[in-house]
Amino acid sequence: MPFLSPKRKISDTENKLRVLYCLDRLGMATQEQLWPFVAQLELMEYLPFCMFVDELLHDGALAVGSHGHESVLYVTQAGKEQLALFAGKVVHADQERIRRFAPAYAAQLSARRQISAAYERTEGGWYRAVCTVREDD
């Protein structure tokens, strides 16, 4: 009979650091964009992920953009300081997987963003520009 070691207990603090590390590597992402990345790497389940994102927002380690970046999460200066101090608490294998897969996932997110711009001449010789930002039509 093979020996199966028990699953390692991951603390809430380490899971929060994982979320911060993922978002720091991706740059900016909505919660709906961040979750598939976390799930793909099998870092945690969905419900704890939602709770950790909410706690990080409440603690000020994450913030939500406004206007054109409405509902986009990003790591604040306080979050970057937490990562600098405690990133060693995240298992090296997890850090390596996040670093390896983040650039390709960020490129996918960027490719799905669409910006269309049109300009036209108006009365008096002026030009008017109309820009629309969409994601995944």
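Here salt bridge (charged side-chain N to carboxylate O under 4.0 Å, His left out) pairs that include residues 19-42, with residues two or more places apart or in two chains, are Asp24-Lys80.
A pairwise comparison of heavy atoms in Ala61 and Gln82 identifies CB-OE1, 3.8 Å as the closest pair. In this structure, Ala78 and Gly60 approach most closely via the heavy-atom pair CB-O, 3.8 Å. The shortest heavy-atom contact between Tyr74 and Gly65 is CE2-N, 3.8 Å.
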Derivation of the side-chain contact (heavy atoms from CB on, under 4.5 Å) call for Phe86 and Thr13: CA-CA 9 Å; Phe86 302 112; Thr13 303; 6.0 Å; no
Go through the steps to decide whether Glu14 and Val91 satisfy the test side-chain contact (heavy atoms from CB on, under 4.5 Å), and finish with yes or no. CA-CA 9 Å; Glu14 185 178 344; Val91 175; 3.5 Å; yes
Might you work through the side-chain contact (heavy atoms from CB on, under 4.5 Å) test for Leu62 and Leu23, ending with a clear yes or no? CA-CA 9 Å; Leu62 294 181; Leu23 196 56; 3.4 Å; yes
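With sequence neighbours left out, the side chain to side chain donor-acceptor pair (under 3.5 Å) criterion links Glu81 to no other residue. In this view, Arg100 satisfies the side chain to side chain donor-acceptor pair (under 3.5 Å) rule with no residue, not counting sequence neighbours. In terms of the ring-ring contact (aromatic ring centres under 6.0 Å, His included) criterion, Tyr21 has no residue partners (sequence neighbours excluded). Qualifying side-chain contact (heavy atoms from CB on, under 4.5 Å) partners for Ser71, counting only residues two or more places apart in sequence or in other chains: Thr30.
Separation of atoms CG (Leu20) and CG (Leu73) is listed at 10.5 Å; rounding is to 0.5 Å. To the nearest 0.5 Å, atom CG of residue Leu83 and atom NZ of residue Lys89 are 14.0 Å apart. For the atom pair CZ (Arg97) and CD (Gln40), the distance works out to 10.0 Å, reported to the nearest 0.5 Å. Atom CZ of Phe37 and atom CG of Leu26 lie 5.0 Å apart (nearest 0.5 Å).
Counting heavy atoms from C-beta on, the side chains of Val38 and Met44 come closer than 4.5 Å. Put simply, the side chain of Ile98 reaches to within 4.5 Å of the side chain of Leu43, judged on heavy atoms. With contacts defined as side-chain heavy-atom distances shorter than 4.5 Å, the pair Leu34/Cys22 qualifies.
Between the side chain of Gln95 and the backbone N or O of Ala87 there is at least one donor-acceptor pair closer than 3.5 Å.
Residues Val19 and Tyr46 are members of one and the same hydrophobic cluster, defined by side-chain heavy-atom contacts under 4.5 angstrom among Ile, Leu, Val, Met, Phe, Trp and Tyr. No path of Ile, Leu, Val, Met, Phe, Trp and Tyr side chains, each step under 4.5 Å between heavy atoms, connects Trp35 with Leu47, placing them in separate hydrophobic clusters.
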Side-chain donor-acceptor distances from residues 49-59 under 3.5 Å, at least two apart:
unit_1: Glu55; atom_1: OE1; unit_2: Lys16; atom_2: NZ; d: 2.7

